[in-house]
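In what follows, a single structure is set out as structure tokens and then discussed.
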Amino acid sequence: ERESNFLHMTYKYVLALFKAGLYEVFFDEIKDNYTCFMDPLRYGRPPFENSSFLAPTANPDPKKHGQGFVSRLTGSTAEILSMWRLMFFGDRLFEMDGKALTFRLKPMLDASFFDEKHHASATLFNTTTVVYHNPSRHNLYDHGVGILSMTLIKDGIPHVIEGDLVRDHLAHDIRNGLIEQIDVMIGIRQS
């Protein structure tokens, strides 16, 4: 393990970049540092599997460079889940506004996370599919880019919300897992 790249420490570093608002640097760094983007042949294990440490180029055996060792649930798993939550949903989903419960998404995704249909999706609370629609393929961290509207689907019925804030009973429905899908339209917000 001497002179090894401990994955959880690398993930702590890139998480700190994200929390500092250095989004361009963060998204550039994860291309080389997230195991899901690594070459599985070089990494030596499935790319969705975190390992405790990676052999660095200081290792005397060049065949070991970049190889992951000691696969387990480690701090790297906790860090990647924290980053995933921040990227797709933001830091604080629910807050109280007086006596009203509010829900607000604050995704910070790079344009490269969107597919050929300009969609990116994630599951919230194991019950609600959140689909981001980004027809202009903006980076969601760019100035002026934000949520224009959201359509919440409950029992097959759409509820359209202008802007990025859901209040009262619909916020409770999201928290209670009663919303099947949230379609989020991304674009340039008017000042």
Side-chain angles (χ1 to χ4, degrees), residues 10-37 78-154 157-191:
T10 299
Y11 282 3
K12 282 183 183 298
Y13 161 70
V14 292
L15 175 58
L17 291 173
F18 189 95
K19 287 182 174 182
L22 300 170
Y23 303 117
E24 288 181 10
V25 177
F26 168 82
F27 283 104
D28 190 51
E29 286 292 317
I30 67 172
K31 290 176 192 171
D32 294 325
N33 289 297
Y34 272 12
T35 60
C36 62
F37 298 137
E79 301 295 348
I80 198 82
L81 289 173
S82 294
M83 289 182 272
W84 176 86
R85 178 183 56 84
L86 290 170
M87 284 188 294
F88 278 91
F89 302 123
D91 191 30
R92 298 180 62 118
L93 291 172
F94 295 98
E95 293 185 316
M96 295 299 294
D97 182 11
K99 292 186 178 185
L101 180 68
T102 63
F103 170 84
R104 177 175 276 140
L105 292 167
K106 190 167 179 176
M108 292 291 174
L109 294 171
D110 190 78
S112 65
F113 274 61
F114 291 85
D115 66 16
E116 65 280 350
K117 294 180 182 177
H118 312 293
H119 298 161
S121 66
T123 303
L124 179 64
F125 305 138
N126 203 36
T127 57
T128 306
T129 302
V130 178
V131 181
Y132 295 104
H133 303 266
N134 186 3
S136 299
R137 290 190 72 89
H138 295 291
N139 295 318
L140 302 194
Y141 50 83
D142 285 345
H143 180 72
V145 175
I147 295 173
L148 303 178
S149 66
M150 295 183 282
T151 302
L152 285 61
I153 310 295
K154 179 182 177 187
I157 299 170
H159 301 270
V160 178
I161 307 294
E162 295 299 322
D164 64 355
L165 184 66
V166 179
R167 300 179 59 81
D168 299 321
H169 74 280
L170 287 173
H172 283 276
D173 287 346
I174 294 168
R175 187 181 66 186
N176 294 328
L178 301 176
I179 301 295
E180 299 137 33
Q181 184 164 319
I182 304 173
D183 286 293
V184 181
M185 290 303 300
I186 302 294
I188 302 293
R189 291 190 288 202
Q190 302 300 319
S191 299

query: Are Phe89 and Leu124 close enough, and set up right, to give a side-chain contact (heavy atoms from CB on, under 4.5 Å), and what steps lead you there?
result: CA-CA 8 Å; Phe89 302 123; Leu124 179 64; 3.9 Å; yes

Set of residues satisfying ring pair (Phe, Tyr, Trp, His ring centres under 6.0 Å) with respect to [X], sequence neighbours excluded:
{"X": "His133", "result": "His119"}
{"X": "Tyr141", "result": "Tyr23, Phe27"}
{"X": "Tyr132", "result": "none"}

If you compare all heavy atoms of [X] against all heavy atoms of [Y], which two are closest, and at what distance to 0.1 Å?
{"X": "Gly177", "Y": "Thr127", "value": "CA-OG1, 3.4 Å"}
{"X": "Phe114", "Y": "His138", "value": "CE1-O, 4.4 Å"}
{"X": "Asp91", "Y": "Arg85", "value": "O-NH1, 3.4 Å"}
{"X": "Leu105", "Y": "Ile147", "value": "O-CD1, 3.5 Å"}
{"X": "Phe26", "Y": "Val14", "value": "CD1-O, 3.0 Å"}
{"X": "Ala122", "Y": "Trp84", "value": "CB-CZ2, 3.6 Å"}

Set of residues satisfying salt bridge (charged side-chain N to carboxylate O under 4.0 Å, His left out) with respect to [X], sequence neighbours excluded:
{"X": "Arg167", "result": "Asp97"}
{"X": "Glu24", "result": "none"}
{"X": "Lys12", "result": "Glu79"}
{"X": "Arg137", "result": "none"}

- request: Ignoring hydrogens and angles, tell me if any N or O in the side chain of Asp110 forms a donor-acceptor pair with the backbone of Asn139 under 3.5 Å.
  value: no

query: Any sub-3.5 Å donor-acceptor pair from Thr129's side-chain atoms to Gln181's backbone N or O?
result: no

Would you please name every residue forming a side chain to side chain contact (heavy atoms under 4.5 Å, CB included) with [X], sequence neighbours left out?
{"X": "Thr123", "result": "none"}
{"X": "Asp32", "result": "none"}
{"X": "Glu116", "result": "none"}

field: Of all pairs that satisfy salt bridge (Lys or Arg N to Asp or Glu O under 4.0 Å), the ones with a partner from residues 157-166, not counting sequence neighbours
entry: Arg104-Asp164, Asp164-Arg189

message: Using side-chain heavy atoms (C-beta onward) and a distance below 4.5 Å, is Ile174 in contact with Ile182?
response: yes

field: Thr35 side chain reached by Tyr11 side chain, heavy atoms, under 4.5 Å
entry: yes

What distance do [X] atom [atom1] and [Y] atom [atom2] have between them, rounded to the nearest 0.5 Å?
{"X": "Met150", "Y": "Leu165", "atom1": "CE", "atom2": "CG", "value": "7.0 Å"}
{"X": "Leu17", "Y": "Leu22", "atom1": "CG", "atom2": "CG", "value": "6.0 Å"}
{"X": "Leu101", "Y": "Leu170", "atom1": "CG", "atom2": "CG", "value": "11.0 Å"}
{"X": "Thr10", "Y": "Glu29", "atom1": "OG1", "atom2": "CD", "value": "9.5 Å"}

- request: Please assess Leu86 against Leu15 for the test side-chain contact (heavy atoms from CB on, under 4.5 Å), listing each intermediate value before the final yes or no.
  value: CA-CA 9 Å; Leu86 290 170; Leu15 175 58; 3.7 Å; yes

query: Please walk me through it: do Ile179 and Phe125 pass side-chain contact (heavy atoms from CB on, under 4.5 Å)?
result: CA-CA 10 Å; Ile179 301 295; Phe125 305 138; over 6 Å; no

- request: Show your reasoning for whether side-chain contact (heavy atoms from CB on, under 4.5 Å) applies to Phe18 and Met108.
  value: CA-CA 9 Å; Phe18 189 95; Met108 292 291 174; 3.6 Å; yes

Ring pair (Phe, Tyr, Trp, His ring centres under 6.0 Å) pairs, two or more places apart, involving residues 157-184: none

